[in-house]
Amino acid sequence: MISSKVAVLGCGNIGMAVIEGILKSKGIKPVDIVATRRNINASITLKESGVRLSTDNTAAVKESEIIIIAVKSYNFSGVLEEIREYLDPEKHIIVSLTTGITIDRIMIETGNKVPVFRAMPNISASVGSSVTCISHSSNAKSKVQQVKELFEFIGTAMIIDEDLMESATILGSCGVAYVLRFIRAMIQGGIQIGFDAATASLIVNQTVKGAADLLIEKHRHPEYEIDRVTTPKGCTIVGLNEMEHNGFSSSLIKGIVASFEKIEK
C-alpha cells in the first residue's frame with residue numbers, strides 16, 4: 001500500500017478501470033482517491049466503494065499528489081489550463097493516460113513545473129491484469145518508483161522510451177480488442193462443432209488464459225509450445241495450416257500495423 005493521494009481527472013472507461021484495479025488490490029485507501037467526471041451519477045459504484053467524486057478538477061488537484069489525467073486528446077489542453085496554477089513542484093506528479101500527447105508538450109503547457117509521466121494501461125486493469133508501459137521526464141528515481149508501484153497495483157508495469165509509447169498503445173491497449181475478437185471467433189467455432197455458447201465460452205476463456213500463463217511462467221517462445229501439440233498428420237497442424245492458408249498471422253500483423261499508422265497520423 002502507498003500513502004499518496006491520487007486524483008483521476010476524467011473518469012471514463014480507462015480511468016474507471018484503473019481505479020477499480022487499485023481498489024481490488026487494496027493498494028490505496030478509497031478515501032485517498034478522488035475521481036472527476038461530468039456525470040457523477042454515472043459513477044454510483046465508485047461512490048459506494050468510498051472513492052470521492054467531484055466535478056471540480058482544481059479541487060481534486062489541490063488535495064492530491066499523483067494526478068492521473070485520463071481525458072480525450074481534444075480535452076487535454078483545457079484540463080491543463082484549468083489546473084496549471086495549482087500545480088506544486090514539491091508535491092505533484094502528472095501522469096497522462098492520453099494517447100498522442102508528448103511529455104515535452106505537457107511540460108511546456110504546465111510551465112515545466114512538475115515531473116511528467118506518460119502511462120498506457122489497458123482495460124484489464126479493472127481485474128488487476130493490465131500491462132502498463134510508462135515513460136517519464138523525471139530524474140528522481142523515487143518518483144519513477146512511486147509511479148511504477150502505483151501501476152503495479154493493476155498488473156504488470158514497465159519503463160519504456162517515450163518514442164515507443166504509440167507502439168505500446170497498439171500492442172498493449174488495442175491488443176485487448178484483438179485478443180477478444182480472436183476469443184469470440186473461437187467461441188463461434190466451438191458452437192459450430194457442437195457446444196452451447198456458455199460451455200464454449202468457458203472452454204475458450206480458460207484455454208486462452210492457460211496459453212498466456214504457460215508462456216509467462218515458462219518464458220518460452222510460442223512456437224516452442226506449438227511444436228509440442230502439433231503431432232504429425234494430427235488435427236492441430238491441419239487446423240493451423242488451414243488458418244495460415246487463409247491469412248491468419250498475416251491479417252493480424254496487418255491489423256496491428258494499420259492501427260499504428262492511424263495513431264501516427
Side-chain angles (χ1 to χ4, degrees), residues 1-40 42-73 75-98 101 103 105-107 109-121 125-126 130 132 134-138 140-155 157:
M1 179 174 286
I2 63 176
S3 58
S4 300
K5 290 181 169 58
V6 175
V8 181
L9 310 185
C11 199
N13 290 333
I14 193 64
M16 278 283 290
V18 168
I19 292 175
E20 288 171 1
I22 292 172
L23 294 176
K24 180 180 174 67
S25 73
K26 296 181 170 56
I28 300 175
K29 295 177 182 177
V31 72
D32 287 337
I33 302 173
V34 57
T36 70
R37 64 180 296 166
R38 293 175 183 174
N39 184 5
I40 292 182
S43 302
I44 186 70
T45 55
L46 286 185
K47 188 174 183 180
E48 291 173 348
S49 72
V51 170
R52 291 169 298 127
L53 302 177
S54 175
T55 58
D56 188 341
N57 287 332
T58 59
V61 166
K62 289 177 183 178
E63 57 186 275
S64 303
E65 285 124 34
I66 299 177
I67 304 162
I68 297 175
I69 304 179
V71 300
K72 299 294 186 183
S73 56
N75 289 325
F76 195 87
S77 291
V79 170
L80 284 187
E81 185 176 353
E82 186 180 356
I83 67 173
R84 182 187 299 115
E85 66 180 284
Y86 303 100
L87 295 175
D88 182 347
E90 300 299 320
K91 175 183 178 182
H92 289 130
I93 296 171
I94 284 181
V95 182
S96 168
L97 308 189
T98 303
I101 307 295
I103 289 174
R105 174 177 164 182
I106 298 170
M107 292 180 70
E109 292 193 23
T110 57
N112 295 315
K113 280 186 172 183
V114 297
V116 174
F117 289 73
R118 289 179 66 187
M120 184 48 62
S126 63
S130 176
T132 304
I134 303 166
S135 57
H136 61 89
S137 66
S138 178
K141 290 184 178 179
S142 61
K143 294 187 185 297
V144 175
Q145 184 57 38
Q146 187 179 9
V147 172
K148 187 170 183 287
E149 184 178 351
L150 171 65
F151 286 99
E152 284 174 343
F153 291 142
I154 61 172

Visitor: Using a cut-off of 6.0 Å, state whether more than 12 heavy atoms not belonging to Glu81 lie near its atom CD.
Guide: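 Counting other residues, nucleotides and ligands, CD of Glu81 stays at 12 neighbours or fewer.
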Visitor: Give the intermediate values and the outcome of side-chain hydrogen bond (donor to acceptor under 3.5 Å, both in side chains) for residues Arg105 and Ser77.
Guide: CA-CA 10 Å; Arg105 174 177 164 182; Ser77 291; 2.8 Å; yes
Visitor: Distance check, rounded to the nearest 0.5 Å: Leu9 atom CG versus Thr58 atom OG1?
Guide: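 Reported value, rounded in 0.5 Å steps: 10.0 Å.
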Visitor: Output yes when a side-chain donor or acceptor of Ser137 lies under 3.5 Å from a complementary backbone atom of Val116, and no otherwise.
Guide: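 Yes: the side chain of Ser137 pairs with the backbone of Val116.
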Visitor: We want to know whether Ser54 and Asp56 form a side-chain donor-acceptor pair, criterion being a heavy-atom distance below 3.5 angstrom.
Guide: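 No, because no side-chain N or O of Ser54 sits under 3.5 Å from a partner of the opposite role on Asp56.
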Visitor: Quick check against the 3.5 Å criterion: does Arg37 have a side-chain atom that pairs as donor or acceptor with the backbone of Cys11?
Guide: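 Answer holds: yes.
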Visitor: Would you check if Leu97 and Val18 make a side-chain contact, meaning some heavy-atom pair closer than 4.5 Å?
Guide: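 In short, these two side chains touch, coming nearer than 4.5 Å.
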Visitor: Take Gln146 and Ile66 through the test side chain to side chain contact (heavy atoms under 4.5 Å, CB included) and record every step on the way to the result.
Guide: CA-CA 9 Å; Gln146 187 179 9; Ile66 299 177; 3.9 Å; yes
Visitor: With the side chain counted from C-beta on, respond yes when Ser4 and Ile28 share a heavy-atom pair under 4.5 Å apart, and no when they do not.
Guide: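 The answer is no, as the side chains (C-beta and beyond) never meet within the 4.5 Å cut-off.
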Visitor: Treating Arg84 as the side-chain partner and Glu109 as the backbone partner, does any N or O pair qualify as donor plus acceptor under 3.5 Å?
Guide: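 Yes.
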Visitor: Does Asn57 reach the side chain of Tyr86, with side-chain heavy atoms less than 4.5 Å apart?
Guide: no
Visitor: Taking the side chain as C-beta and beyond, is there a heavy-atom pair between Val8 and Thr36 under 4.5 Å?
Guide: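 Counting from C-beta outward, Val8 and Thr36 never come under 4.5 Å.
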Visitor: Taking all atoms of both residues into account, what is the closest heavy-atom pair of Ala119 and Thr132, and its distance?
Guide: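 The pair with the smallest heavy-atom distance is CB-CG2, 4.0 Å.
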Visitor: Restricting to non-hydrogen atoms, name the atom on Pro30 and the atom on Ser49 that form the minimum distance, rounded to 0.1 Å.
Guide: CB-O, 3.4 Å
Visitor: Is it the case that the side chain of Ser130 and the backbone of Gly155 share a donor-acceptor pair, with hydrogens and angles ignored and the cut-off at 3.5 Å?
Guide: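 No, because the side chain of Ser130 does not come within donor-acceptor range (under 3.5 Å) of the backbone of Gly155.
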Visitor: Of the options Val71, Ile69, Ile101, which is the one that meets Leu80 in a side chain to side chain contact (heavy atoms under 4.5 Å, CB included)?
Guide: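 Of Val71, Ile69, Ile101, side chain to side chain contact (heavy atoms under 4.5 Å, CB included) with Leu80 is met by Ile69 alone.
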Visitor: Could you give all pairs that pass the salt bridge (charged side-chain N to carboxylate O under 4.0 Å, His left out) test and reach residues 15-34, with sequence neighbours left out?
Guide: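 Checked against salt bridge (charged side-chain N to carboxylate O under 4.0 Å, His left out) - neighbours excluded - the pairs reaching residues 15-34 are Lys5-Asp32.
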Visitor: Consider side chain to side chain contact (heavy atoms under 4.5 Å, CB included). Of Leu23, Val6, Ile22, Val34, which one does Val51 pass it with?
Guide: Leu23
Visitor: Do Ser135 and Phe117 come close enough that some side-chain heavy atom pair is under 4.5 Å?
Guide: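 Side-chain contact under 4.5 Å: no.
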Visitor: Using a 3.5 Å cut-off and no angle test, enumerate the donor-acceptor pairs between side-chain atoms of residues 87-95 and protein atoms at least two apart in sequence or in another chain.
Guide:
unit_1: Asp88; atom_1: OD1; unit_2: Glu90; atom_2: N; d: 2.9
unit_1: Lys91; atom_1: NZ; unit_2: Lys62; atom_2: O; d: 2.5
unit_1: His92; atom_1: ND1; unit_2: Asp88; atom_2: N; d: 2.9
unit_1: His92; atom_1: NE2; unit_2: Val61; atom_2: O; d: 2.9
unit_1: His92; atom_1: NE2; unit_2: Ser64; atom_2: O; d: 3.0

